[in-house]
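Naming convention: chains lettered A, B, ... in sequence-line order (proteins, then strands); numbering from 1 in each chain. All values below come from the heavy atoms of this structure, side chains included, with hydrogens, waters and symmetry mates left out.
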Number of protein chains: 2
Amino acid sequence: MKNTMMPHHRMTRQRQVILEEIRNDKTHPTADEIYEKVRKRIPRISMGTVYRNLDMLASSGLIKRLEPGRSQMRFDGDITDHYHLTCVKCGRIEDILFESPENSIETLERALGHLTKYGVFGHRLEFFGLCSICRREEDVTGLVSLAAR
Amino acid sequence: MKNTMMPHHRMTRQRQVILEEIRNDKTHPTADEIYEKVRKRIPRISMGTVYRNLDMLASSGLIKRLEPGRSQMRFDGDITDHYHLTCVKCGRIEDILFESPENSIETLERALGHLTKYGVFGHRLEFFGLCSICRREEDVTGLVSLAAR
DNA sequence: CTATGTGCAAACTATTTGCCGTCTG
DNA sequence: CAGACGGCAAATAGTTTGCACATAG
């Protein structure tokens with residue numbers, strides 16, 4: 001009752017290396033950042049191969065495709081459920097790990113759970129703010145005035 | 001204590017018509033959909049002008065720029081706070097108006113409110129499911145199996 | 001008047017694809 | 001050894017930009 005006519009996927013060296021590099025990268029890299037890293041190990045690899053593999057790996061669930069509005073796609077080797085913070089200053093994407101007093105994420109997830117009853121199967125929740133690096137630079141200097149996006 | 005060196009914006013006919021067309025369109029149109037509509041009223045308008053004005057209108061807050069991952073930008077003349085449902089089948093974007101028993105959105109917003117304490121200024125929350133049109137087609141036939149995205 | 005905006009066309013960026021030879025299973 | 005895959009280069013799609021003229025305020 002499964003795998004009827006499913007194309008068979010091979011684990012080529014290219015695919016293997018791409019997967020490894022994404023898994024070893026906590027920065028949510030773009031396709032060309034991945035390309036550069038992989039190229040150090042497989043110099044003649046092409047961008048087309050990288051994209052094809054990113055597609056394949058994402059649709060088979062081995063990696064996650066992030067889709068920040070506007071800018072390019074980014075990829076995440078961490079496929080466990082978590083949210084991201086997109087930095088409004090530098091564009092970097094960080095994981096959000098709230099162990100807040102209010103357990104906000106749990107409240108959120110509970111609320112989101114209710115929605116599935118109304119025809120919603122999934123959601124994407126993204127946060128905007130300053131990443132840890134930009135927060136440091138910004139310091140007490142000035143608070144960022146943020147147009148809601 | 002304001003408007004120091006701010007460029008002055010003119011309300012040209014092009015800008016006016018673009019704004020009108022977006023405001024009269026509940027479908028969250030793409031740039032080229034807007035272009036086609038505007039072209040019926042200003043035949044010689046160019047795509048460049050449409051894009052420049054969409055940028056300007058969005059950054060001045062007169063319209064909202066939606067940024068569905070992958071696909072093109074879409075725009076919304078309704079700038080009041082609301083969430084969207086992106087149809088996983090046809091890509092259409094609908095407004096979500098939950099007046100659910102659990103008041104899920106209120107719970108959500110309350111939870112999201114807490115996060116601002118932790119350096120998050122804004123968020124984007126998108127839902128995935130079937131839009132009203134595709135829901136009708138799908139009928140009782142088959143439930144969509146949805147990879148979490 | 002003059003800075004802001006327009007039309008046009010060319011440029012750009014990220015991503016996708018066709019072709020054909022290569023290699024995995 | 002067949003079908004999946006890779007390299008290469010060209011093609012796309014969406015969006016942006018430089019330029020010279022037009023126009024709102």
* Between P of D:dA13 and OH of B:Tyr35, the distance in whole Å -> 16 Å
* May I have the distance from A:Ile42 (atom CD1) to D:dC5 (atom C1'), rounded to whole angstrom? => 13 Å
* Give the nucleotide from the list C:dT15, C:dG7, C:dT17 with an atom nearest to the side chain of B:Ser46. => C:dG7
* To do: Please state whether the phosphate of D:dG7, meaning OP1 or OP2, lies under 4.0 angstrom from any side-chain nitrogen or oxygen of A:Gln14.
  => yes
* To do: Quantify the bending of the helix from C:dC1-D:dG25 to C:dG25-D:dC1 as the angle between its end axes, each fitted on five pairs, to 10°.
  => 40°
* Structure fact -> B:Gln16 CD to C:dT6 C1', in whole Å, measures 16 Å
* For B:Asn53, report the nucleic acid contact type (base, sugar-phosphate, nothing); a contact means any heavy atom under 4.0 Å. => sugar-phosphate
* **Earlier contact from the 5' end, DNA chain D, for B:Gln72 and B:Met11** => B:Gln72
* Asked: Checking only heavy atoms, does the side chain of B:Arg74 share a donor-acceptor pair with the base of D:dG14 at less than 3.5 Å?
  -> no
* Quickly work out the B:Glu33 CD to D:dA13 P distance and round it to whole Å. => 16 Å
* Note: B:Lys37-B:Asp25 ion pair, threshold 4.0 Å (strictly below) -> yes
* Structure fact -> From the list A:Ile18, A:Ile45, A:Ile42, side-chain contact (heavy atoms from CB on, under 4.5 Å) with A:Arg13 holds only for A:Ile42
* Below 3.5 Å, does any donor atom in the side chain of A:Arg13 face an acceptor in the base of D:dG6, or the other way round? -> no
* Structure fact -> Here the distance between atom C1' of D:dA22 and atom CD1 of B:Ile45, to the nearest Å, is 14 Å
* OP1 or OP2 of C:dT4 sitting under 4.0 Å from any side-chain N/O of B:Thr12? -> no
* To do: With heavy atoms under 4.0 Å as the rule, sort A:Arg10 into base, sugar-phosphate or nothing.
  => base
* To do: Please work out whether the ring planes of B:His82 and B:His28 are parallel, tilted or perpendicular, with thresholds of 30° and 60°.
  => tilted
* Do the charged groups of A:Arg74 and A:Glu67 touch, with an N to O distance under 4.0 Å? -> no
* Taking 4.0 angstrom as the limit, do B:Arg39 and B:Glu36 come out as a salt bridge? -> yes
* Asked: Would one find a side-chain N or O of B:Thr49 under 4.0 angstrom from OP1 or OP2 of C:dG7?
  -> yes
* Asked: OP1 or OP2 of C:dC8 sitting under 4.0 Å from any side-chain N/O of B:Arg44?
  -> yes
* Can we say A:Arg23 and A:Glu21 salt-bridge, meaning some charged N sits less than 4.0 Å from an Asp/Glu carboxylate O? -> no
* Please report, rounded to the nearest Å, how far the C1' atom of D:dT16 is from the CZ atom of B:Arg65. => 12 Å
* Asked: Rounded to whole angstrom units, what separation is found between the CG atom of A:Leu66 and the P atom of C:dT15?
  -> 12 Å
* Within this structure, what is the CE-to-P distance between A:Met47 and D:dC5, rounded to whole angstrom? -> 19 Å
* To do: Determine, stepwise, if the pair B:Arg92 / B:Glu94 fulfils salt bridge (charged side-chain N to carboxylate O under 4.0 Å, His left out).
  => CA-CA 7 Å; B:Arg92 234 183 241 103; B:Glu94 279 187 342; over 6 Å; no
* Counting any heavy atom closer than 4.0 Å, what does B:Arg15 reach on the DNA or RNA strands: base, sugar-phosphate only, or nothing? -> sugar-phosphate
* To do: Select one nucleotide: of C:dG25, D:dT16, C:dT15, the one nearest the side-chain heavy atoms of A:Arg70.
  => D:dT16
* Asked: Taking NZ, NE, NH1 and NH2 as the nitrogens, is one of them in B:Asp55 or B:Arg65 under 4.0 Å from a carboxylate oxygen of the other?
  -> yes
* Asked: Does A:Tyr51 place a side-chain N or O at less than 4.0 Å from the phosphate oxygens OP1/OP2 of C:dT15?
  -> yes
